[in-house]
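One structure is given below, encoded as structure tokens.
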Amino acid sequence: MSETRQRKTYNPTDLERRWQERWAESGLYKTDEDESKPKHYALTMLPYPSGDLHVGHWYAMTPSDTRARFMRMNGFRVFFPIGFDAFGLPAENAAINRGIHPYTWTMSNIENMRGQLRQMGAMFDLDAEVVTCDPEYYRWNQWFFLKFFEKGLAYREEAPVDWCPKDNTTLAREQVVGPDRRCERCGTPVIKKNLAQWLFKITDYAEELLDFSKIDWPERVETLQRNWIGRSEGAEILFEIEGYGPIEVFTTRPDTLFGATFFVMSPEHPAVDEITTPDRADEVRAYVEKAGRMSEIDRTDVTREKTGVFTGAYAINPANGERIPVYIADYVLMGYGTGAIMAVPGQDERDWEFAEKYGLPIIRTVQPPEDFDGKWYLGDGPAINSGFLDGLNVDEAKERMISWLQENGFGRRAVTYRLRDWLISRQRYWGTPIPIIYCDECGIVPVPEEDLPVLLPEDAEFMPTGESPLKRDPDFYNTTCPNCGGPATRETDTMDTFMDSSWYQYRYLSPHYDEGPFDPERGEKWLPVDQYTGGIEHAVMHLMYTRFFTKVMRDLGLVEFDEPMTRLFNQGIILGPDGNRMSKSRGNVVNPQDYVDRYGSDALRSFLMFVGPWSEGGPWDSKGIEGVSRFLRRALSLVTEGDSSGGDADPSELTRRTNRLVKKITEDLEAFRFNTAIAALMEHTNYLLAIRGRVDDEEWQGAMRTFVMVLSPFAPHHAEEMWAAMGEEYSVHEQAWPGYEEALIQAQEITLIVQVNGKLRDRIEVPADISEEAAKELAVSSARVRPHLEGKELRKSIYVPGRLVNLVVG
RNA sequence: GCGAGAGUGGUGGAAUGGUAGACACGCUAGAUUUAGGAUCUAGUGCCUUCGGGCGUGCGGGUUCAAAUCCCGCCUCUCGCACCA
């Protein structure tokens with residue numbers, strides 16, 4: 001067969017379609033339930049059904065698929081499902097903008113994406129699919145809500161909450177991002193609104209969420225979660241306000257109590273009105289109002305000069321009985337600690353600035369070093385001006401003060417977290433209805449479990465008014481109280497869609513099970529997830545919520561483990577050809593379909609794995625995919641062209657390189673190093689092409705079998721084609737992963753590097769087992785080396801076996 | 001401001017104490033072709049008096065040997081940011 005003919009017959013998309021059909025017919029990717037094998041639950045974050053798989057989906061999914069295939073060949077029974085995160089705003093916005101019902105829009109997108117997933121040729125078990133907007137699914141969201149409610153983990157509270165004016169809904173604290181507090185979805189700055197909302201008590205699990213000892217997750221995710229949870233140790237201290245009563249503060253520096261020279265409350269503190277003296281009332285009220293009107297962005301601007309007003313009230317410092325003035329200032333936040341602080345200007349930057357501006361006394365309670373010439377001092381040192389603490393260093397003084405506070409009833413040891421409870425109410429249509437009924441007689445009444453699911457009505461109005469669309473649907477809104485039978489109304493808010501993704505990994509196991517969120521028998525067989533992969537952007541949202549869910553599920557007796565996913569790998573982001581994030585406005589969006597049509601799925605997936613380390617992401621390069629496509633075509637040509645009737649090539653070299661390849665691919669796949677694995681496959685292909693027809697048939701066939709097997713996780717269609725062309729039995733994907741022998745990797749001859757004073761001077765081919773003496777002898781006698789030794793004394797020589805000789809002269 | 005990560009050819013990247021630049025893109029030359037494309041072969045860090053010299057953001061250090069370890073600095077990216 002000529003080169004020309006081969007080239008014309010290379011049609012990757014035909015080849016791939018053929019194998020996809022065969023795989024589907026033979027049920028090749030039906031989940032292996034053979035319990036004699038160890039389990040491996042591989043999971044990639046489920047996509048939002050936006051309409052088309054974009055190249056980012058390919059980047060996330062196909063390396064995961066490669067790894068799942070590798071595990072399968074390594075003797076694991078592998079569960080690798082996929083589904084759709086189908087609730088959410090884009091569907092509702094499509095309804096508003098184009099008059100298509102969210103359900104119709106979502107389902108047609110899903111249908112389209114199913115086809116694209118099949119074209120991807122991944123080993124997803126499509127029978128296990130989950131679609132979160134299906135009542136069969138969201139019924140269990142509601143069920144979980146009821147369980148959380150029973151346990152006191154779901155509660156309703158009226159409070160100022162973050163509101164996105166564009167998306168017309170409230171957001172969880174995690175979904176407000178950046179220093180200017182923008183909506184995580186659409187980038188609009190959020191505002192505060194006072195609304196009654198449902199929250200989940202994730203803060204009850206703050207301490208446990210800080211424990212990462214049972215999971216093998218990237219350090220980076222752990223750090224992000226740890227910072228987000230923001231644990232601070234210290235004390236809560238009661239300050240008596242004259243004529244009012246005690247108000248509590250939180251401090252991490254109880255040791256500095258003697259230096260507390262004033263007291264500051266947040267403008268939102270509930271006691272502000274009561275403590276303010278009549279002569280100060282107007283000024284205080286004006287300040288509180290101004291703070292309330294101020295945008296979050298201005299309010300939290302660190303560079304802004306501190307402002308505040310005196311309330312006329314005085315607090316008593318419990319340590320020394322001093323009367324200290326009480327101020328209101330917006331640098332104290334109601335959302336952290338108790339919303340009130342003791343101000344210690346000597347040891348705190350913010351308090352110093354405030355004291356300087358308002359002429360308040362500053363007392364140092366920690367002795368700074370002699371050369372210290374700054375203002376506030378944060379370092380360690382002996383306590384001063386602090387009565388019974390004097391002379392103790394900061395840590396000792398903290399402990400001593402906490403004991404003193406506890407003995408005298410002024411306070412106690414305390415831990416505070418930055419983490420807030422998870423606000424789950426959304427004022428939108430396309431989500432899970434919250435299963436709650438409000439009755440004038442009985443109050444808040446949960447929908448009885450047997451009445452689930454509370455179905456999302458089909459014919460709502462989708463106008464984004466800022467009120468839940470369900471409120472304007474009387475058939476939904478008006479109901480009867482399950483308790484007393486009287487007239488009642490339904491909760492009209494829907495749930496945050498992060499609720500859906502908090503437990504979807506469990507639903508995959510038995511998507512149609514109707515006696516619980518998942519079939520416990522299936523859970524026994526497969527849980528928890530062994531390897532999860534996805535982007536870092538969900539570190540403090542999805543990944544924290546799903547950990548929280550699993551811990552609650554454990555406490556509900558649904559599971560016996562503590563963590564949902566044992567191992568996690570974060571892939572990077574595939575960028576546009578210009579190195580920027582892909583976006584329609586930049587016009588740098590790459591459509592994977594164009595490349596699948598032209599080069600095939602194997603080329604696209606292999607290119608995405610080849611472009612760089614998976615964790616790093618990287619720019620798209622449409623020339624780069626051509627290189628990968630060439631490689632696949634050349635690999636395929638190894639079996640479709642030429643003959644292999646023996647010859648002059650060294651068969652032991654073929655054996656050595658084949659063993660080396662298996663080792664390299666095995667180690668790289670274990671560590672998610674897809675890029676270097678493909679480089680090794682390319683190198684090996686180039687070598688095989690160079691010796692094709694020059695080794696004995698038997699050796700060639702054996703080496704080819706191994707090569708195709710290790711190629712198969714990367715380019716499953718091409719490998720299958722090659723496997724068949726070699727006359728092997730279907731399917732290459734059911735083969736056991738080849739082993740390798742370390743001894744066979746060692747070469748007989750090595751290149752010995754000769755250095756003089758660390759500089760490369762010669763390379764000599766020597767037997768691998770050369771003795772140190774012989775190696776050094778060869779080194780000093782090399783013609784290239786000798787000039788560099790002349791007239792100098794050989795002081796020392798270093799021999800690294802199998803690698804180099806370094807001659808040190810001077 | 002605090003925390004984390006990164007800086008290597010024209011480009012993506014490889015090498016985690018021992019041959020810097022694997023593999024690939026691009027480029028150059030040649031073969032093939034009416035031509036273009038595709039394919040194949042060879043070359044390709046920079047400088048060079050062809051001996052060699054220089055070279056992994058910058059400056060120092062450790063070591064026989066440093067992209068790699070240590071110290072200081074610069075730049076970029078990401079996260080958090082008045083959290084008491």
Side-chain angles (χ1 to χ4, degrees), chain A residues 3-4 6-8 10 177-179 181 218-220 222-224 226-228 230-232 234 249-253 256 260 264 266 299-304 306 329-333 335-344 347-351 353-354 416-419 536-537 539-540 575 579 607 610-613 615-616 618-628 630-631 633-634 637 673 675-686 689 751-763 784 787-788 795-810:
Chain A
E3 288 285 311
T4 326
Q6 160 58 23
R7 200 161 59 244
K8 278 179 184 157
Y10 178 65
V177 297
R181 300 181 46 79
E219 193 63 41
R220 195 155 155 235
E222 290 188 19
T223 306
L224 284 169
R226 203 171 276 125
N227 292 344
W228 187 261
R231 183 182 197 275
S232 294
V249 303
F250 173 76
T251 178
T252 55
R253 295 293 302 274
T256 65
V264 189
S266 162
R299 173 89 183 255
T300 54
D301 179 6
V302 202
T303 57
R304 200 173 115 245
K306 303 242 170 323
D330 63 11
Y331 80 91
V332 176
L333 309 172
Y336 184 77
T338 64
I341 61 157
M342 62 180 216
V344 187
Q347 272 76 230
D348 185 277
E349 174 176 0
R350 299 149 301 175
D351 297 347
E353 284 171 5
F354 195 83
T416 295
Y417 303 91
R418 202 179 80 104
L419 179 70
I536 188 80
E537 66 275 14
V540 294
L575 303 168
F607 169 68
F610 180 65
V611 74
S615 56
E616 303 305 311
W620 174 263
D621 175 5
S622 44
K623 284 285 183 189
I625 191 173
E626 282 184 32
V628 175
R630 271 199 281 274
F631 149 66
R633 190 185 53 70
R634 282 154 57 90
S637 79
R673 288 188 301 252
N675 58 327
T676 49
I678 290 179
L681 288 165
M682 288 174 167
E683 198 173 8
H684 195 75
T685 301
N686 293 341
L689 283 165
T751 306
L752 184 77
I753 301 305
V754 184
Q755 296 179 333
V756 177
N757 288 346
K759 286 198 170 148
L760 178 79
R761 294 302 174 193
D762 200 7
R763 300 161 213 249
R784 288 227 177 89
H788 299 278
R795 292 204 180 140
K796 194 169 168 184
S797 56
I798 313 287
Y799 175 63
V800 182
R803 285 193 179 269
L804 61 76
V805 171
N806 187 11
L807 304 168
V808 184
V809 299

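Residue numbering restarts at 1 for every chain, and letters A, B, ... go by the order of the sequence lines.
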Would you please confirm or rule out a distance under 4.0 Å between OP1 or OP2 of B:rC54 and any side-chain N or O of A:Lys759? yes

Side chain of A:Ile798 (C-beta onward), nearest among B:rA24, B:rC64, B:rC82: B:rC64

Separation of atom NZ in A:Lys306 from atom P in B:rA84, rounded to whole Å: 14 Å

Take atom CZ of A:Arg231 as the centre, draw a 6.0 Å sphere, and report whether it contains more than 12 heavy atoms from other residues, nucleotides or ligands. yes

Let me know the distance between CG of A:Leu760 and P of B:rG17, rounded to the nearest Å. 20 Å

Nucleotide of B:rA15, B:rA84, B:rG12 approaching A:Thr676 most closely (side-chain heavy atoms): B:rA15

Rounded interatomic separation in angstrom, taking CZ from A:Arg763 and C1' from B:rA20: 11 Å

Of the listed nucleotides (B:rG18, B:rG26, B:rC82), which one gets closest to any side-chain atom of A:Lys623? B:rG26

How many Å lie between CG on A:Asp351 and P on B:rC82, as a whole number? 15 Å

Using atom CZ of A:Arg634 as one end and atom C1' of B:rA24 as the other, report the distance to the nearest whole Å. 12 Å

With a non-hydrogen cut-off below 4.0 angstrom, is A:Asn806 in contact with a base, only sugar-phosphate, or nothing? base

Contacts of A:Thr251 and A:Thr751 projected onto RNA chain B by closest heavy atom; the upstream (5') one is A:Thr751

Distance test, side-chain N/O of A:Ser232 to OP1/OP2 of B:rA84, below 4.0 Å: yes

Could you check A:Arg803 against A:Arg220 and say which one's nearest nucleotide on RNA chain B is further toward the 5' end? A:Arg803

May I ask you to verify if any side-chain N or O of A:Arg761 is less than 4.0 angstrom from the OP1 or OP2 atom of B:rG53? yes

Please report the distance, rounded to the nearest Å, between CZ in A:Arg226 and P in B:rC2. 21 Å

Walk me through it: do A:Arg634 and A:Asn686 pass the test side chain to side chain contact (heavy atoms under 4.5 Å, CB included)? CA-CA 8 Å; A:Arg634 282 154 57 90; A:Asn686 293 341; 2.5 Å; yes

Just to be sure I understand: a Watson-Crick pair is purine N1 to pyrimidine N3 plus N6-O4 or O6-N4, both under 3.5 Å. Using that and G-U wobbles, which stems of three or more pairs involve RNA chain B? B:1-7 with B:74-80, B:10-12 with B:23-25, B:26-31 with B:39-44, B:45-47 with B:52-54, B:57-61 with B:69-73

If you only use heavy atoms from C-beta on, which nucleotide in B:rC23, B:rC80, B:rG18 is closest to the side chain of A:Leu804? B:rG18

Measure from CG on A:Asn675 to P on B:rA24 and round the result to the nearest Å. 14 Å

Which distance, rounded to the nearest 0.5 Å, do you find between the OG of A:Ser266 and the OH of A:Tyr331? 11.5 Å

I need the CD-C1' distance between A:Glu616 and B:rU8, as an integer number of Å. 14 Å

If you only use heavy atoms from C-beta on, which nucleotide in B:rA84, B:rC80, B:rG13 is closest to the side chain of A:Arg418? B:rC80

Hits for side-chain hydrogen bond (donor to acceptor under 3.5 Å, both in side chains) against A:Asn675, two or more places apart or cross-chain, chain-then-number order -> none

What residues form a ring-ring contact (aromatic ring centres under 6.0 Å, His included) with A:His788, not counting sequence neighbours? none

Would you say A:Arg630 reaches B:rU39's phosphate, i.e. side-chain N/O to OP1/OP2 under 4.0 Å? yes

Taking the side chain of A:Thr223 as its heavy atoms from C-beta onward, which of B:rA65, B:rG3, B:rA84 lies nearest to it? B:rG3

